[in-house]
2 protein chains.
Amino acid sequence: MNVTGHTRSPASIRDVAAAAGVSYQTVSRVINGHPSVRPATRERVLAAIDELGFRRNTAALALASGRSRAVTVLTANTTHYGYASILQGVEEAARAASYAVGISVLESAEEAAVAAEVRRAADAGGGLIVIAYDPAGVGALAAVPAGVPVVGVVETPASPPSGDRPWVWTDDREAAYEATRHLLSLGHETVHYVAIPSSTRRTSARTSGWRQALKEAGAPQPRPVQGSWGPAGGHAAGLKLARDPAVTAILCGNDDLALGVLRALHETGRAVPDEVSVAGFDDAPPSAYLTPSLTTVRLDFTGLGRAAFALLHGVLEESAPVAPHPVSVPELVVRESSGRAPAGR
Amino acid sequence: MNVTGHTRSPASIRDVAAAAGVSYQTVSRVINGHPSVRPATRERVLAAIDELGFRRNTAALALASGRSRAVTVLTANTTHYGYASILQGVEEAARAASYAVGISVLESAEEAAVAAEVRRAADAGGGLIVIAYDPAGVGALAAVPAGVPVVGVVETPASPPSGDRPWVWTDDREAAYEATRHLLSLGHETVHYVAIPSSTRRTSARTSGWRQALKEAGAPQPRPVQGSWGPAGGHAAGLKLARDPAVTAILCGNDDLALGVLRALHETGRAVPDEVSVAGFDDAPPSAYLTPSLTTVRLDFTGLGRAAFALLHGVLEESAPVAPHPVSVPELVVRESSGRAPAGR
DNA sequence: GCTCCTTGTGTGACCGGTCACATTCATGCG
DNA sequence: CGCATGAATGTGACCGGTCACACAAGGAGC
C-alpha cells in the first residue's frame, strides 16, 4: 500500500533495493524471475515493490537491454474495415504479451515519404508489422532496412516467406475463385470485376482468382474495372457497368465498392438480384444489413493481425518458437444480392 | 553517404563526435539546434551525422530527458468509424510534430482491467489521449493517475475542462437538436430515438439535444430505445419501433444503428421516407450510398483527433501555447431517408 | 582437511543520450 | 591595459535499468 498521496518521482530499482535491504541487482533478478534468489529474499523484494508502487521504466529497459517490447504497425489507413480489424487483432495479441503497439500512417505512397516514415517507425525499436495491401504498404515493406524485424501482411505471397522476413496472408485468390464460381453456378454467362487499387503493378490475388474461375468455366474474361477503396469508386464503376445490358454479375474487390455498385444499379433502375447479381469481399459489419443484403466473402482480419503479431513475437524473442501461420480459410456468405441469371435475354 | 553496406550497431553521438573532431556535447548541441555553435563546426558535425547515418536513439532520449515524444490513444475499439477517424486525426497531427503514436484498446469496461490498461499506457511515457464516448473510456479517463498528461475526447463537457486535464468535444447536443428539429419541421408529430450505449449513467449529449428539441416544439417525448453500437442493435430496435404505426420519424445515435433500422423497416414493409423518416449520426462514408441514402449529421472526427493532439502537445511542451479547442460545428446533411410526414393518418 | 562446484548476492561498467558546470578565448569598455 | 562578459566548447555525472564478473558461504567428493 502506498500511503503518501503526493506525486514523487517514480521508484527505481535502487529505491526498492534500499527498502528491501538488498542490492539493486537482486531486485533486477526478482523482477526478471531469475531462479537463484532465496525465497525469503524474493518475498521481501516483492513486498517493497508493492509498497513503493514500483514499475519498470520502459525507456531504461529498452536502452540497457536493446529489447523494447513494442511493435509498430505501418498502414495506409486506419478507417477501412479490413485495416482497422487487422490493427485490432495485432493490438489484442500484443496486449496479451505485454507489448506496446505503435501506429504509423503512410499518408502518401511517394517513395521518399514512405522511406522516411519507415525509418521513423524503426526508430521506435521493437518490430514492424506492415500492412501491404496497397502500393504505399508494399513500398514500405520494401523500404524496411535489413536487420529490422518485420512481418508483412500481404495479399498474396509473391515468393515464399523467408525466416527473418515472414508474411501472413489470407487466401484471397481462393476466395475470389469461390465467389466467382458461385456467381457462375447461378447461370451467369460471365462475371465482371471491380478491382481495388492493386498492391503491385502485377495482377492482384483477387483478380487472378476471379480470372482463373472464368477460364476454367470457359467464360468470357472482361477487363476488370479499376475502382478505388471507397463507395464513391464503386459508384462510378457501377454506372459504367450498368450501361451494358450484358452485365448480369459483378464481383467487387471489397464491400464498400459493392455498396457503391448497388447504389449505381439502383439509380439506373437495374434490379438486384433479379437483373444483376453483386458480390463483395470482406464481410464488413454493415453488409448483412444492406438492402439487398450483400453476398460476400468473409475474411478473418482480426485473426490475421493476431497471427502477424505471433510471428513477429517469435522473431523478436528467440526463445518463442516461430509459430506456423494459422490463416483461416475465407468463407463465402451468400445473401440477397446474388441470384439466378435473368432467363433468356 | 554511407558506403559500408553491412549492418553495424547504429552510430551514437560519440561516434559522430569522433568523426567530426568535436566533443559529444557539441553534437548534442547541433542536433538540438542550440545557438552557440560556430557555423563551421555545425557544418562538420552535420556532415558526420549524414555520413554515419546517425539517428537519435529514442530510448536514450526518453531516459535522459524525461520527454518521450510519444502519445498513447486509449480507446474501446479501433474499427468503428468515429473512433478510427479520431485515431487517424491524432496520428496525422502527431506525425507532423514527430511524435510517435501508441494505441491501447480497452477490451473490457471492468474497472480493474481498465485501470491496469491505463497504467500500462502511462508507462509508455508521453501523454495520453482517452476516447471517452463509452463506459470503458469514461472509466479510463477517471483512472488516469494525477501527474500524467492527458486529454479526453468526450461526448460533452460534464464540467469545464481544467488546464492540466483538458477536453475536446464536438457539440453533439446541438447536432442532435438540429437533426430533431429537421425531422419535426417535416411535419412529424414526434421523433423517436435509438440511443448508442451512453457514456455515463447520466443522459448523453445526443439524447439531451433530442429531448430539448421535442420539448421546445411541445412534442411528445417517447422513451429512447437502447441500442448497441452496431447495425445489429439498430435492427433489433427498428423491429420494435416498426410495430408501432404511430412512429413516423426515427433519429439514431449513429449511422450503423440507422442502417439496422432501415433494414428492419424494409423487412416489415414500411417505406422510407414515405411512411417513416430516418436520420443518423456521424456521416460515415457508406451512408451517402445507401438506398435510401441516409440523412445524417456530419461530425469532424479527424479534426477532433487533431485538436486533441494539439492540446496534449501544448501540455507536454510548456513552450507550445495550449491552443484553443477549434472544434468544428456539426453539419446536418439531408438525404433521401427523411421526408414529409405521411398525410392524415 | 582441502579443493571444487553450486547457490546466493554484490560491484562496477555500460547503454546513448541530457544536464550542470568548468574552461578557453576573443571582445568590449572603463 | 586590465578585467568583466559572453560565445564556443569540453568534462563529469546522471537517467534507470542490464550485463559480466567478483565474491562469500555451504555442501560434495577425494
Side-chain angles (χ1 to χ4, degrees), chain A residues 8-46 48-49 52-70 98 100 122-126 317-319, chain B residues 8-46 48-49 52-70 98 100 122-126 317-319:
Chain A
R8 325 138 295 170
S9 66
S12 74
I13 54 167
R14 317 203 188 225
D15 298 330
V16 173
V22 296
S23 77
Y24 52 82
Q25 178 60 3
T26 299
V27 176
S28 174
R29 289 192 180 96
V30 170
I31 59 186
N32 288 301
H34 188 101
S36 67
V37 176
R38 203 179 313 173
T41 312
R42 184 191 313 277
E43 277 313 312
R44 254 186 309 145
V45 171
L46 288 175
I49 285 176
L52 297 176
F54 167 80
R55 318 217 75 215
R56 209 220 240 85
N57 179 312
T58 55
L61 173 61
L63 178 58
S65 69
R67 318 174 211 118
S68 68
R69 296 192 74 75
S98 318
D123 279 353
E317 308 198 355
E318 58 311 305
S319 60
Chain B
R8 320 139 298 170
S9 66
S12 76
I13 55 168
R14 319 209 186 218
D15 299 330
V16 173
V22 296
S23 77
Y24 53 83
Q25 178 61 356
T26 300
V27 176
S28 174
R29 288 192 180 97
V30 169
I31 60 187
N32 288 302
H34 189 100
S36 67
V37 176
R38 202 178 313 173
T41 311
R42 183 188 314 276
E43 276 313 310
R44 253 184 312 145
V45 171
L46 288 175
I49 285 176
L52 298 176
F54 168 80
R55 318 217 75 214
R56 211 220 239 86
N57 179 312
T58 53
L61 174 61
L63 177 56
S65 69
R67 316 173 213 120
S68 68
R69 297 191 74 75
S98 315
D123 278 352
E317 308 197 357
E318 59 312 308
S319 59

For C/dG10, take OP1 and OP2 only and decide whether either is under 4.0 Å from a side-chain N or O of A/T26.
yes
Can you name the closest pair of heavy atoms from [X] and [Y] and give their distance?
| X | Y | value |
| --- | --- | --- |
| B/F54 | B/A11 | CD1-O, 3.2 Å |
| B/S68 | B/G126 | OG-N, 2.8 Å |
| A/V16 | A/V45 | CG1-O, 4.1 Å |

Distance, nearest 0.5 Å, that separates [atom1] of [X] from [atom2] of [Y]:
| X | Y | atom1 | atom2 | value |
| --- | --- | --- | --- | --- |
| B/L63 | A/T58 | CG | OG1 | 9.5 Å |
| A/I31 | A/T26 | CD1 | OG1 | 11.0 Å |
| A/D15 | A/I49 | CG | CD1 | 12.0 Å |
| A/R55 | B/D123 | CZ | CG | 4.0 Å |

Between A/R44 and A/A20, is there a donor-acceptor pair closer than 3.5 Å when you use the side chain of the first and the backbone of the second?
yes
List the steps, then state whether side chain to side chain contact (heavy atoms under 4.5 Å, CB included) holds for B/V22 with B/V30.
CA-CA 11 Å; B/V22 296; B/V30 169; over 6 Å; no
Rounded (10°) bend between the five-pair end axes of the helix from C/dG1-D/dC30 to C/dG30-D/dC1:
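Computed angle between terminal axes is 50°.
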Go through residues 38-46 of chain B and report each residue with a non-hydrogen atom lying under 4.0 Å from DNA chain D, sorted by number.
B/R38, B/T41
What one-letter contact string describes nucleotides 14-22 of chain D from 5' to 3', where B marks a base within less than 4.0 Å of any protein heavy atom, S marks contact via sugar-phosphate atoms alone, and - marks no contact?
-BBBBBB--
From CA spacing to verdict: side chain to side chain contact (heavy atoms under 4.5 Å, CB included), B/R69, B/E317:
CA-CA 10 Å; B/R69 297 191 74 75; B/E317 308 197 357; 3.1 Å; yes
